[in-house]
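Structure first, commentary second.
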Amino acid sequence: MKTKILKKNQLDEAVDLLRQGQLVAFPTETVYGLGALATNEKAVKGVYAAKGRPSDNPLIVTVSDAEMMKNYAQEVPARAQKLIEHFWPGPLTLLLLVKPGSLPQAVTGGLKTVAFRCPDDQLTHDLISKLGKPIVGPSANTSTKPSPTTSEHVYHDLKGKIAAIIDGGPTRVGLESTIIDLSVAQPVVLRPGEITPDELSSVLGEQVLINTGKVSDNMVPKAPGMKYRHYAPAAPVTVVDRAQDFARLKLTATDGVAALSEVIADVDLPVKNKFNLGADLTAANHNLFNALRYFDNQQQIKQIYVQGINQGQASYAYMNRLNKAAAGKHFTL
Ligand code: TXA
Ligand code: MG
């Protein structure tokens with residue numbers, strides 16, 4: 001199969017492909033998603049196959065607005081309503097009880113809940129409203145690889161396996177949406193993202209719990225994706241928490257370093273071994289996955305060191321993805 005790159009004036013072609021049960025990658029403000037008509041079981045199974053994703057890891061359902069969501073949610077609790085008014089369209093995914101029988105098993109992995117997302121992206125909004133039905137939307141990467149923040153990343157991973165990619169340019173945030181579970185007595189953040197637990201608490205007017213995601217392989221975790229290796233480039237990754245430790249690393253030509261501008265400037269390595277994450281946390285969020293992919297394309301790199309950033313809740317999402325990429329490995333003297 002030849003994978004087409006579609007521009008914004010070719011949305012109708014994307015709608016037709018999705019109607020026919022084909023797979024089409026789409027832009028969002030977080031990362032690119034891999035779309036298939038959520039009500040078409042065969043198409044949804046194709047998403048797992050294209051990504052190489054384990055079948056017990058359920059898919060997000062991407063809607064054009066809250067009205068569309070109501071056809072697939074058993075109920076929309078008052079908490080969900082508040083968060084929708086405040087944050088949608090935007091990088092917040094809501095876990096609600098699914099309306100029984102409204103979606104194929106393959107979408108929810110047989111769970112009683114379903115994750116709803118309404119991205120802040122005009123192209124994708126128009127795509128789903130024209131389609132009139134939701135599309136599933138896992139990140140459009142090969143399973144275990146860093147999520148794609150450009151259409152080129154998607155093409156690299158999925159060319160020949162999907163019908164088309166809608167090119168919307170680089171994504172704004174660079175890390176996936178915050179997931180909040182509203183199917184339980186007290187709201188819980190299952191995955192940190194740009195929207196922090198404190199922001200959610202202040203809109204809800206109540207405490208929001210944080211799931212630290214520590215689960216072992218034989219457990220059934222609340223967000224099944226948490227138990228798998230993630231965001232992993234080919235070379236092993238080590239987190240360097242203190243900027244001054246980069247000077248102590250005894251770096252060689254087979255090492256790669258990704259760090260903030262002020263740190264990277266002082267790292268004694270050839271330019272091609274270094275990736276500048278930018279000036280601040282927002283830039284680092286935007287660039288982290290790109291950095292991990294950059295080193296995958298440098299055959300000489302055998303070890304990657306990435307700067308840890310500790311700025312409280314604002315850096316939870318960055319550290320969550322980085323810790324997974326590093327399988328928890330931090331530099332210690
Ligand atoms: O920003 C995002 O959310 C992106 C863009 C493309 O929308 N999508 C994304 O999807 O990150 P994915 O599949 O890569 O990550 C979704 C996570 C997975 O860890 C999955 O296990 C969890 O959400 N999830 C999905 N449905 C769930 C459910 N019913 N219960 C618990 N966790 C669920
Ligand atoms: Mg993913």
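When a ligand or atom number is given, it counts from 1 through the structure's own listing order. Keep in mind the model is a prediction, meaning the values are calculated, not measured.
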Exercise. Are any of the N or O atoms of S177 closer than 3.5 Å to those of ligand 1?
Worked result: yes
Problem set entry | Numbered atoms and elements of ligand 1 in range of G33, under 4.0 angstrom, heavy atoms | 6 (C)
For this session: Please work out whether any backbone atom (N, CA, C, O) or any side-chain heavy atom from C-beta onward of T113 is under 4.0 Å from ligand 1, and answer side chain, backbone, both or neither.
Result: both
For this session: Go through ligand 1 atom by atom and flag the ones less than 4.0 Å from a non-hydrogen atom of N57.
Result: 18 (C), 20 (C), 21 (O)
Exercise. Which is it for L249 and D255 under the side-chain contact (heavy atoms from CB on, under 4.5 Å) test, yes or no, and what are the steps along the way?
Worked result: CA-CA 10 Å; L249 280 171; D255 294 325; over 6 Å; no
Exercise. Side chains of H125 and D65: do they bring a donor and an acceptor to under 3.5 Å?
Worked result: no
For this session: Number the atoms of ligand 1 from 1 as they appear, then name those within less than 4.0 Å of a heavy atom of L111, with their elements.
Result: 28 (C), 29 (N), 30 (N)
Exercise. For ligand 1, which atoms have a heavy atom of P138 less than 4.0 angstrom away?
Worked result: 10 (O), 12 (P), 13 (O)
Problem set entry | Contact (N/O only, under 3.5 Å) between T28 and ligand 1 | no
Exercise. Which ligand 1 atoms, with their elements, are less than 4.0 angstrom from a heavy-atom of I60?
Worked result: 3 (O), 8 (N), 9 (C), 10 (O), 16 (C)
For this session: Scan side-chain atoms only and decide if T28 and R117 contain a donor-acceptor pair under the 3.5 Å cut-off.
Result: yes
Problem set entry | Backbone N/O of A234 and side chain of D296: donor-acceptor pair under 3.5 Å | yes
Exercise. Considering only heavy atoms, which of V136, V31, T178 lies nearest to atom 4 (C) of ligand 1?
Worked result: V31
Exercise. Does I179 approach ligand 1 within less than 4.0 angstrom via side chain, backbone, both or neither, non-hydrogen atoms only?
Worked result: side chain
Exercise. Is any NZ, NE, NH1 or NH2 atom of the basic residue among E67 and K70 found under 4.0 Å from an Asp or Glu carboxylate oxygen of the other?
Worked result: yes
For this session: Locate the shortest heavy-atom distance separating V306 from Y318; write the atom from each residue and the value.
Result: CG1-OH, 3.7 Å
Problem set entry | Interfacing atoms of ligand 1 (cut-off 4.0 Å, heavy-atom, R117) | 1 (O), 2 (C), 3 (O), 5 (C), 7 (O)
Problem set entry | Given T108, L97, I60, the one that forms side chain to side chain contact (heavy atoms under 4.5 Å, CB included) with V114 | T108
Exercise. Would you call R172-E194 a salt bridge at under 4.0 Å N-O?
Worked result: yes
For this session: For Y32 and ligand 1, answer yes if some heavy atom of the residue is under 4.0 Å from a ligand atom, otherwise no.
Result: yes
Exercise. Side chain or backbone of K112 under 4.0 Å from ligand 1, or both, or neither, by non-hydrogen atoms?
Worked result: neither
For this session: Answer with yes or no whether T108 contacts ligand 1, where contact means a heavy atom under 4.0 Å from a ligand atom.
Result: no
For this session: Taking both backbone and side-chain atoms into account, decide whether S143 has an N/O/S atom under 2.8 Å from the Mg ion (ligand 2).
Result: no
For this session: Assess G137 for proximity to ligand 1: is some non-hydrogen atom of it under 4.0 Å away?
Result: yes
Exercise. Step by step, would you call Q105 with K45 a side-chain contact (heavy atoms from CB on, under 4.5 Å)?
Worked result: CA-CA 10 Å; Q105 274 262 138; K45 285 190 171 154; over 6 Å; no
Exercise. Counting heavy atoms only, which of E194, E176, R191 is nearest atom 16 (C) of ligand 1?
Worked result: R191
Problem set entry | Check ion pair D245-R248 (N to O, under 4.0 angstrom) | yes
For this session: Show which atoms of ligand 1 fall inside a sub-4.0 Å distance from at least one heavy-atom site of A115.
Result: 25 (C), 26 (N)
